[in-house]
Amino acid sequence: MKTRFDLDQQELPKAWYNVLADLNRPLKPPLDPRTNEPIAPEALAALFPTTCIEQEAATDRFIDIPEPVLDVYRRWRPTPLHRAVHLERALDTSAHIYFKYEGASPTGSHKTNTAVAQAYYNGAEGVRHLVTETGAGQWGSALSFACQTFGLDCTVYMVRISYEQKPYRKTMIQSFGAEIFPSPSERTAAGRAILAEDPASPGSLGIAISEAIEEAVRGEATKYSLGSVLNHVLLHQTVIGLEAEQQMELAGEDPDVIVGCVGGGSNFAGLALPFFHTAAKESRPTRFVAAEPHVCPTLTAGETRYDFGDTAQTTPLLWMHTLGHDFVPPPIHAGGLRYHGMAPIITHLVEDGVIEPVAFDQLDVFESAILFARAEGILPAPETAHAVHAAVRIARDCAAKDEKKVILIGFSGHGHFDMSAYAAYLDGELVTAPARGGSTAQLGESRLFC
Ligand SMILES: *Cc1c(COP(=O)(O)O)cnc(C)c1O
């Protein structure tokens, strides 16, 4: 039996999949906060290149991947699809568990898929400098790599708590030639306003976004770049699912359940949306389970409404699940999942009952991460560990019912820069963090069935 395979010879997808072509009703448009009217594309031109703005609202089902972007993708794509046979054995489950390994990218996560596309489009339109924020450091690493590849300058605002927890991310970002500052910083009005109120602020993605936008708007030939949430970012990530579809076909199986972790929703969407397209076309009953931390339960406990993407209220209003733009989550280790909002596309599919959200405590998540590492030899990023934990829970239920289901994990990244989180867990220093509202109940628990 062929249990592991790495499809080196596989062709890369030549086009991304655009789910906007297949939604049953249109997305609610982003609004200009000054008028509460749909925002004019020109209003976004200070922040993003024209091509990305067009992709925000494009209706073509497939959008060609530019050749220079494919050239960079070829350095590590297609990423491997592995069957986790050793994890299956450790769980004594009848389920088949596969994982699509985005940790194989140069900076260790899926984020390079959109970073490369965005740096390319910006460079092609004459932009010389990109400014961004980063939570756990994965996005800052990906964008600094992509900027280096296409010859752009790069500035990164890193959420302070992560900056302190992950000094090696800073070094990686600097190695790729970018400059990096902990956020909140004294460099921007947005940062100074937060520090005046709370000099010890751990920062948040919402604050760091405000700082990055402020610097991008005032700079010349400078634009802003976002690593998740927006439609064009999710579009670029679909290369994951398009590859995985071909790879699952080679393995001769169809996934019954696709699980992923959600911060802003991009890696999960990247894997799930192409399968959603096929499932809808062929009336397959594929399930899509999105896992988040219960201290930042955007999908399971947030409201669905228009909200700002950042703390200083500078972005357009997006229709999304949100915990409020001023929400500062407790400093849990999965920095990449500490965002108050959610991609409008994910919100839409949750509202439609297509995507089923669940929320977990970090202790349970790390327990499954260690189980996975010992079985498969790969240490998941703490964010990814939420997806792993969801798969473990479903596979255990399959074992109890002796059912064979095929589970596909979106393995968004490795955890090699997250050793301090693993050290804290192994030293018994991680605690069950009370969820928002004080409950420790796991939200969406009932969805973890086989
Ligand atoms: C950033 C990140 C996430 C969360 O972001 P999404 O946009 O929801 O994918 C998840 N996993 C890893 C490894 C990340 O770096």
Do [X] and [Y] have side chains that get closer than 4.5 Å, going by heavy atoms?
X: K223; Y: T132; result: no
X: H129; Y: E220; result: no
X: L195; Y: P184; result: yes
X: I97; Y: I409; result: yes
X: E133; Y: D310; result: no
X: Y224; Y: V217; result: no
X: L379; Y: M419; result: yes
X: Q138; Y: T134; result: no

Check whether more than 12 heavy atoms from other residues, nucleotides or ligands sit under 6.0 Å from atom CZ of R34, and answer yes or no.
->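 Counting neighbours around CZ of R34, 12 or fewer heavy atoms of other residues, nucleotides or ligands fall under 6.0 Å, so no.
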In this structure, are over 12 heavy atoms from other groups packed under 6.0 Å from E67 atom CD?
-> yes
What do you reckon, are the aromatic ring centroids of H340 and F327 less than 6.0 Å apart?
->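 No.
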Pairs under 3.5 angstrom only: tabulate donor-acceptor contacts from the side chains of residues 266-277 to other protein residues two or more places apart or in another chain.
| unit_1 | atom_1 | unit_2 | atom_2 | d |
| --- | --- | --- | --- | --- |
| S266 | OG | H110 | NE2 | 3.4 |
| N267 | ND2 | C261 | O | 3.1 |
| H277 | ND1 | D22 | OD2 | 3.1 |

Determine all donor-acceptor pairs shorter than 3.5 Å in which one atom belongs to a side chain in residues 41-52; sequence neighbours excluded.
| unit_1 | atom_1 | unit_2 | atom_2 | d |
| --- | --- | --- | --- | --- |
| T50 | OG1 | E125 | OE1 | 3.0 |
| T51 | OG1 | E125 | OE2 | 2.8 |

Sequence neighbours excluded - salt bridge (charged side-chain N to carboxylate O under 4.0 Å, His left out) pairs with any residue from [range]:
range: residues 153-171; value: K166-D418
range: residues 285-296; value: R287-E356
range: residues 254-279; value: D254-R284

Mind jotting down which residue pairs meet the side chain to side chain donor-acceptor pair (under 3.5 Å) criterion with at least one end in residues 225-235? Sequence neighbours excluded, please.
-> E56-H232, Q118-S225
